[in-house]
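Basis for what follows: all heavy atoms, side chains included, without hydrogens, waters or symmetry-related copies. Just so we're on the same page: letters track the sequence lines, and every chain starts at 1.
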Amino acid sequence: MNNMTSQQRKLVYLIGIIVLLIPIIWLSLPSDGKNKPGGVLSQLRSQYELGESDLGDVDASSAAMNLVLLGMRGVAVNLLWMDLDLQKDMKRWAEMQATTESIVRLQPHYEKVWDFNGWNLAYNTSAEWDAVPDRYYWVKQGAKFLKRGVERNKRSTELLYRTGKVIEHKIGYADESIDYRRYFLSDPDPAFNKGPDPTINPEGKDNFLVGKEWFDLACESELTRPQHILDRSLFRATPARCQFDYAQSLQKDGKFGEETRAAWEQARKDWTEVYGREIYHAQIGVEESDIRLEMTEEEIKQVAGNPDDELRVRRAVDAYQKMTNYRYWRTRAFAEAEQDTAEAHRSIFEAKQAYKAQEFDNARKAALSGMEGFDKLLKRPEYAILVEEDLLCEECLLGWKIWDDIYKVAGEKIPDEFPLKWLLELKQGNEQLMASVNKQFRRLFQDNR
Amino acid sequence: MYFDPAENFIYPPYAIYNWMIVAGFFTAVVLVVSLLTLLVSKGSSGFGVFFTELIGMLKDVFSLSPRRIWALTRLTFMEAYRRKALAVFVVFGLLFMFAGWFMGDSKEIQPDQVKVYISFVLTAVSWLTLPVVLILACFGIPEDIRLRSIHTVVTKPARRIEIVLGRMIGVSMIGWLVLSVMSVVGYLWIVRQIPQASQELLKCRVPIYGLVSFKDREGNYGKEGINVGDIWAFRSYIEGATKSRAEWRFFNVDETMLDSEGNLRLENSFSAFRSYKGDMTRPLFYDIKLFNIEHPEISYTTQPQPVNEFRSKQDIIPRKVTVDDVQYDILNDLTTKGSDKVPKGILGIEVACIDRDQYIGMARSDLFIRMPDRPFWVGYWKAIFGTALTVLLVSMIGVAASTMVKAPIAAVLTAVMYILSGKNPHQFMDQLVAGQVQGGGVLESVYRLVMHLGPSTELPANPAFTVVQIFDSILMNFLWLCKQVIPRSQYFNMPEYVANGFDVPWATSLIPSLLVTSAFIIPCVMMGYFALRTRELESK
Amino acid sequence: MSQSEPVIEIRNLSKIYRDFWGRPKVRALNSLSLDVRKGEVFGLLGPNGSGKTTTLKLLLGLLFPTEGEITILGKSAADVSKNERIGYLPEESYLYRFLNAYETLDFYGRLFNMTAAQRKERSEKLLDLVKLAPQARRRQLKEYSKGMTRRIGVAQALINDPDLVMLDEPTSGLDPLGSRDMKDLILDLKKQGKTVLMCSHLLADVQDVCDRIAILYGGELKVMDRVDTLLKSEDKTQINTSKLSAAAISEVEAVLKRHGASDVSVDHPTATLEDLFLKTVQESRDRPGHRNVADRTSAT
């Protein structure tokens with residue numbers, strides 16, 4: 001090289017540059033829309049739908065920022081994540097949210113980023129605040145953030161699911177869920193005039209129903225773009241489970257009329273007629289067969305073909321049903337449709353209210369009535385499966401606990417025989433259940449203080 | 001606030017005393033090294049050369065001409081102007097045109113959002129100004145030498161120290177010009193961005209802090225309360241319904257600390273921690289007891305007050321309070337009267353958490369007497385003044401560095417100095433030097449990395465590793481030395497005060513940063529001068 | 001020239017350029033001693049790399065000598081105050097290209113602590129002196145041609161009305177007209193009693209204006225004397241007359257022969273500095289260490 005003149009060297013550089021440029025240009029030739037497909041990169045981009053506008057709404061500022069940073073995006077993002085961590089530790093929430101904004105502008109199509117930060121806002125940040133309206137504000141921020149993530153990443157099944165999860169689970173099942181669910185319909189922020197925050201609840205629906213809508217979208221998206229959060233059979237159960245949540249929450253709120261019955265009826269339909277009819281692929285013998293959670297004898301025979309495989313199909317269906325707790329919820333849906341069940345629920349609810357109000361006689365009476373109702377229900381053979389699960393038992397035992405406590409407080413002797421005694425004896429060893437019952441009972445007590 | 005302003009307090013006489021020791025030591029090192037170099041290279045005639053040079057340098061220092069310095073300043077200024085350095089305004093304009101995109105919508109303004117706006121403006125202004133200053137400072141003199149235009153200057157009666165000074169002042173002035181234009185625009189932007197209804201969020205609170213100590217649940221004094229498991233141990237917690245208390249003492253309390261209606265305004269930003277959730281709709285409560293520290297039985301306790309977490313809450317205490325039909329004057333009865341042992345005007349304040357098994361957290365700066373607010377612009381311009389000092393500091397370091405090394409290296413050096421000047425880098429360096437960082441020094445950690453050894457694995461005891469450790473400790477000592485000359489920008493934290501709605505205090509922000517900046521003036525000028533004077537301006 | 005006081009005294013001046021590690025790389029100047037006296041025009045000659053510019057830069061304090069002493073206007077080269085009375089025109093005019101002519105002179109004027117009024121008056125005078133077109137005076141220097149840059153360079157060198165003017169290649173790159181102006185200017189400076197030290201390799205120019213010259217080769221002084229003395233061959237006699245007829249010439253030749261003159265040739269005189277220069281360079285190559293230097297301390 002040294003014995004070349006500077007002109008020769010420049011020429012060599014020029015040739016080198018051109019030689020290297022040719023493949024780059026060829027690879028990155030843009031397509032002109034319809035006729036010419038463009039270069040390899042452009043073809044691949046449209047094949048995998050990776051164009052900025054295919055992925056979701058185009059955000060000009062984010063695109064501009066990525067261009068301005070040239071190749072330094074990774075470095076910038078790293079620094080921002082470190083900042084985020086520090087700000088989180090130091091509880092500098094506003095700055096943390098601003099940093100989050102910057103991060104998603106740099107990584108707008110990185111689903112985990114939306115997922116993580118949305119979760120962080122809804123679950124971690126909210127928990128740091130003391131006042132419930134403040135907590136709710138941050139839960140909402142998390143949900144809104146995830147919703148924007150969905151808008152920027154139209155094809156993301158997981159972000160649809162996460163958004164639904166915050167609305168369904170965080171709002172519906174947090175310790176503060178009673179307030180959260182109320183706020184979801186009537187926001188504490190005066191800006192919304194006691195209505196819902198239209199960004200996350202435009203139609204003013206119950207949070208479980210809004211969650212269900214998100215899960216429905218997620219399930220629809222899941223058909224073309226698989227998710228990696230849950231087993232497929234569990235994932236697809238989410239909309240119907242939301243309907244169950246909704247129906248139960250109506251009961252919790254003390255509503256036992258037609259609305260609640262209709263909700264249970266809808267839940268039953270969603271569970272057995274929609275979710276139960278979903279097709280899964282299971283290995284039956286050597287080949288894969290389509291099975292459903294809800295299969296008639298005829299269908300089983302049709303899928304199986306021979307008696308050996310018939311057994312295999314039954315086993316496979318059974319395995320799926322166990323995994324999703326399918327039979328319990330099916331039974332529950334049928335049981336809840338009965339008038340007696342609704343009455344039993346009502347009695348327990350009344351018992352709780354009366355106990356809170358320190359009307360102990362009424363409470364004892366109502367509790368006993370509820371216990372009797374459930375005693376009858378659970379002893380019926382077709383509903384035996386409901387005993388296996390803690391969910392309903394918890395309510396039953398809470399009723400007993402109230403009933404039992406009033407005797408103790410009054411210093412009266414507890415009758416030897418009482419409804420649900422068998423259930424109590426059965427469940428006495430189940431510490432988790434008993435702890436949960438005690439906790440709920442204590443809460444009645446504390447509210448009373 | 002997420003820091004205690006007191007940690008940035010500098011006691012000026014002590015600072016000056018320390019500075020003199022360091023500067024004296026440094027000068028001595030430079031002189032001895034120069035003398036030895038001359039003696040080695042020139043033999044005994046080195047003495048003569050040394051003293052001639054020394055006298056020459058002193059003569060130059062005392063024959064500075066303001067007109068020449070001003071000429072060189074103007075030259076720097078015109079150079080930057082004619083070479084389109086002010087194009088940075090374009091970037092600035094673009095940034096502010098699109099800033100709204102990054103800031104979220106401005107319809108619902110929360111106090112926290114105001115904080116983000118202010119931080120954004122103050123950060124953007126300094127991050128746009130400093131690179132310009134850095135480049136101008138580091139490239140000015142080396143370019144002058146490379147293009148040899150400096151030949152026409154040093155062959156005039158211009159002293160080389162005047163060249164250094166002229167460059168420093170010129171670059172700083174450009175920086176200040178850029179800064180002032182940007183900050184005016186930034187100020188208007190903030191004011192316009194915040195809706196009329198929320199304008200009262202722009203304010204400068206003036207706090208008066210006290211000293212805090214904590215009492216544990218048995219009532220024994222301690223420095224800190226309980227840590228409830230936060231990674232960030234800024235706040236200490238006191239337990240509810242026990243003898244646990246946070247106790248403040250405010251000094252020199254007098255009429256000037258009362259508001260116009262004669263009330264004492266106490267403001268707090270306590271945080272709440274629940275060990276069980278309990279009734280979530282009911283906030284945690286605290287109460288405040290004002291008492292005379294000499295006669296603790298003379299006291300007044302407020303009604304229980306709800307904790308307003310992550311926001312601030314004011315408790316207004318009237319001057320005359322009635323306790324059990326006795327009327328007290330908080331200034332005359334609750335503060336000390338002054339005696340041989342106790343000075344006048346000390347007010348004791350005790351905070352208790354009321355709820356059993358719940359905790360309230362606080363740091364020293366979480367409770368203060370709030371004086372009348374100052375307008376927002378006061379704090380804003382103080383913050384800009386802080387940036388102006390940073391501009392001066394960067395230009396001084398940059399110019400001094402550029403007299404010694406090539407321009408790009410000077411730029412990197414200055415940038416690294418600036419980046420390392422933060423609080424966290426200093427803390428990290430302190431830990432490194434103190435051997436508190438796991439994994440050992442440079443060589444040791446390289447070895448551990450390559451050999452996949454965890455930081456807690458003992459190194460085998462053999463001479464090779466002894467050498468490695470000795471080498472590392474030499475590097476560590478060198479790091480310690482370097483650390484001493486890296487400025488501490490933690491004092492230049494005016495934006496944090498303003499963003500949090502406080503006025504910038506003199507004692508813990510403005511004076512310390514002025515001291516830090518002025519500490520660099522003489523060393524930077526002299527180093528630049530020394531380097532430029534002892535250097536041939538052309539080497540073939 | 002008269003026996004006037006020396007303005008510049010150089011004694012045993014050596015300059016060794018070193019590399020990054022301090023190892024000697026080039027010996028640019030070797031034990032140079034010379035004086036420049038008040039009121040004379042002194043020319044430093046030499047091929048490229050002979051050490052002329054190095055000498056100049058050592059005098060100005062831009063470089064530091066490895067050995068030897070310099071006294072300039074009675075002060076040491078490192079003393080900045082000497083610059084009050086010195087004007088320097090660098091090899092290429094290294095001026096600030098973003099300033100215009102007025103700003104340039106104003107800037108340098110300020111460096112001499114001149115007042116605004118002085119600067120203004122002096123600038124106008126100098127720009128007229130160096131014949132810089134008035135319409136060019138407000139344009140930035142980066143738009144200037146080589147000749148114009150040279151002119152403004154000279155103007156800045158004279159801003160302080162110096163006693164000693166050092167010119168590095170004053171006529172290089174100038175057209176014949178510009179070159180003539182420059183030479184007139186130098187002679188004019190001499191007339192004003194100023195001392196001029198110039199280095200150049202344009203021999204014709206040196207011959208025209210210099211009183212004394214020194215020729216450097218390879219960092220060493222080879223020749224130093226008055227220009228007229230150097231160009232006069234002591235062992236030859238040159239007779240200049242008006243044009244003679246062929247008969248008259250043969251008559252003269254006869255007369256000369258009678259007086260024992262040998263090698264008689266009658267010709268037009270052509271001896272120039274160029275001959276001397278080439279001869280010196282040739283000799284230096286053939287016989288290193290040879291010198292032909294008039295006693296530097298005594299007047300010639």
Does any backbone or side-chain atom of Thr104(C) lie under 4.5 Å from a heavy atom of chain B? Answer side chain, backbone, both or neither. neither

Under 4.5 Å between any side-chain heavy atoms of Leu75(B) and Phe98(C), yes or no? yes

List in chain and number order the residues that pass salt bridge (charged side-chain N to carboxylate O under 4.0 Å, His left out) with Glu124(C), two or more places apart in sequence or in another chain; answer none if no residue qualifies. Arg137(C)

Which atoms form the tightest heavy-atom contact between Arg82(B) and Asn100(C), and what is the distance? NH1-N, 4.5 Å

Select, from Glu84(C), Lys82(C), Glu67(C), Arg97(C), the one with the greatest count of heavy-atom pairs under 4.5 Å involving chain B. Glu84(C)

Which atoms of Thr534(B) come close to chain C, meaning under 4.5 Å heavy atom to heavy atom: side chain ones, backbone ones, both, or neither? backbone

Using 0.5 Å steps for rounding, measure from the CG atom of Leu141(C) to the OG atom of Ser149(B). 11.0 Å

Hey, what do you get for CG (Asp79(C)) to CD1 (Ile55(B)), rounding to the nearest 0.5 Å? 11.5 Å

Using heavy-atom distances under 4.5 Å, tell me whether Met166(C) contacts chain B through its side chain, its backbone, both, or neither. neither

Leu62(C) and Val154(B), any side-chain heavy atoms less than 4.5 Å apart: yes

Answer with side chain, backbone, both or neither: which region of Asn160(C) has an atom nearer than 4.5 Å to a non-hydrogen atom of chain B? neither

Consider only side-chain N and O atoms of Tyr108(C) and Thr152(B), and report whether a donor and an acceptor are under 3.5 Å apart. yes

I'd like to check Val80(C) versus Lys59(B) (side-chain heavy atoms, cut-off strictly below 4.5 Å). Are they in contact? no

Smallest heavy-atom separation, Arg160(B) atom then Gly61(C) atom, equals NH2-O, 3.2 Å

A cation-pi test, strictly: NZ or CZ of Lys156(B) under 6.0 Å from the centre of the six-membered ring of Phe112(C) and no more than 45 degrees from its axis. Yes or no? no

Would you name the heavy atoms of Arg68(B) and Arg110(C) that are closest together and state the gap between them? CG-O, 3.6 Å

Interatomic distance, CG@Leu63(C) vs CZ@Arg535(B), rounded to 0.5 Å, equals 12.5 Å

Looking at Arg74(B) and Glu103(C), is there a salt bridge between them, counting it only when a charged N and a carboxylate O are closer than 4.0 Å? no

For Glu536(B), is there an ion pair with Lys15(C) - N to carboxylate O distance below 4.0 angstrom? yes

Do Asn113(C) and Pro157(B) come within less than 4.5 Å of each other through their side chains, counting heavy atoms only? no

Considering residues at least two apart in sequence or located in another chain, which fulfil the ring-ring contact (aromatic ring centres under 6.0 Å, His included) criterion with Phe107(C)? Tyr96(C)

Below 4.5 Å from any heavy atom of chain C, which atoms of Leu72(B) appear? Answer side chain, backbone, both or neither. both

